[in-house]
A.B. asks: 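Encoded as structure tokens, here's the structure I'll be asking about.
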Amino acid sequence: EPFYLSGAGSDAPGKKEFDEWRAKSEKDHGVRFHSKVEDVPSPTSGEKRMAIVAGRTGDNPSLFRSCLKDAVGCVAVYLEKPGAPSVPELE
């Protein structure tokens, strides 16, 4: 979530609610939030990962592909919003 995790979203509507939800998700479920895919640490041996991508429609195809790289190691990706303007653009 690059918007709320950056200075750009610090005063935006919904920031307080996002921070509360983030803190609860981290505490209760071990969810980790990152503003960039490149910030995700490499998976540990045997770890299974799922990414939730909340990006701009035009950015989602590259974010999707980045999550599947070995360095990130996701076995599933949930795209919030349209993943791309068309299915072929995800491939």
Side-chain angles (χ1 to χ4, degrees):
E1 173 48 59
F3 182 68
Y4 284 131
L5 294 175
S6 72
S10 62
D11 292 328
K15 170 70 167 145
K16 178 180 179 249
E17 292 82 0
F18 173 80
D19 286 342
E20 291 169 356
W21 172 72
R22 176 185 176 194
K24 182 169 177 42
S25 297
E26 289 174 336
K27 180 182 175 222
D28 295 351
H29 306 289
V31 174
R32 292 178 281 177
F33 291 75
H34 303 280
S35 61
K36 297 184 287 187
V37 175
E38 298 82 28
D39 293 343
V40 177
S42 296
T44 59
S45 179
E47 179 180 24
K48 293 192 180 199
R49 288 190 167 166
M50 179 183 131
I52 300 173
V53 176
R56 293 182 179 143
T57 301
D59 296 336
N60 283 345
S62 65
L63 292 170
F64 175 80
R65 286 188 292 276
S66 295
C67 290
L68 298 177
K69 291 181 180 176
D70 288 339
V72 178
C74 291
V75 296
V77 178
Y78 176 85
L79 290 173
E80 190 266 334
K81 299 189 228 183
S86 67
V87 172
E89 290 184 62
L90 277 178
E91 297 174 342

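In what follows, residues are counted from 1 in the order of the sequence shown.
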A.B. asks: Quick one: CG on Leu5 to CG on Asp19, what's the gap to the nearest 0.5 Å?
C.D. replies: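 Those atoms lie 8.0 Å apart.
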A.B. asks: How close do Arg49 and Pro41 get, counting heavy atoms only, and between which atoms?
C.D. replies: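 Nearest pair, atom of Arg49 first, then Pro41: NH1-O, 2.7 Å.
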A.B. asks: Under 4.5 Å between side-chain heavy atoms, counting indirect links through other Ile/Leu/Val/Met/Phe/Trp/Tyr residues: same cluster for Phe33 and Ile52 or not?
C.D. replies: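 No, it is not one cluster - the side chains of Phe33 and Ile52 are not joined through contacts under 4.5 Å.
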A.B. asks: Report the distance from atom SG of Cys74 to atom CD of Glu47, rounding to the nearest 0.5 Å.
C.D. replies: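 Between Cys74 SG and Glu47 CD, I get 9.0 Å after rounding to 0.5 Å.
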A.B. asks: So if you build clusters from Ile, Leu, Val, Met, Phe, Trp, Tyr with side-chain heavy-atom gaps below 4.5 Å, do Val75 and Val53 land together?
C.D. replies: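 No, separate clusters.
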A.B. asks: Using the rule that two of Ile, Leu, Val, Met, Phe, Trp, Tyr join whenever any of their side-chain heavy atoms come within less than 4.5 Å, decide whether Val31 and Met50 are in one cluster.
C.D. replies: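 No: no chain of side-chain contacts under 4.5 Å links Val31 to Met50.
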A.B. asks: Starting at NZ of Lys15, measure out to CZ of Arg22 and round the result to the nearest 0.5 Å.
C.D. replies: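 The CZ atom of Arg22 is 7.0 Å from NZ of Lys15, to the nearest 0.5 Å.
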A.B. asks: Which heavy-atom pair separates Pro43 from Ala71 by the least distance, and what is that distance?
C.D. replies: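 Looking at all heavy atoms of both residues, the closest pair is CD-O, 3.4 Å.
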A.B. asks: Taking side chain to side chain contact (heavy atoms under 4.5 Å, CB included) as the definition, give me every residue that meets it alongside Lys24, ordered by chain and number, with sequence neighbours left out.
C.D. replies: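 Only Asp28 meet the side chain to side chain contact (heavy atoms under 4.5 Å, CB included) criterion with Lys24.
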A.B. asks: Identify the heavy atoms of Phe3 and Ala12 that sit nearest to each other, and give their distance.
C.D. replies: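 Looking at all heavy atoms of both residues, the shortest contact is CE2-CB, 3.4 Å.
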A.B. asks: Given side chains that start at C-beta, do those of Lys36 and Ser6 come closer than 4.5 Å, heavy atoms only?
C.D. replies: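 The answer is no; the side chains never approach within 4.5 Å.
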A.B. asks: Indicate the ring-plane relationship of Tyr4 and Phe18, choosing parallel, tilted or perpendicular according to the 30° and 60° boundaries.
C.D. replies: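 Rings of Tyr4 and Phe18: parallel, under 30°.
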A.B. asks: Mind checking the CG-OG spacing from Asn60 to Ser66? Nearest 0.5 Å is all I need.
C.D. replies: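 Between Asn60 CG and Ser66 OG, I get 11.0 Å after rounding to 0.5 Å.
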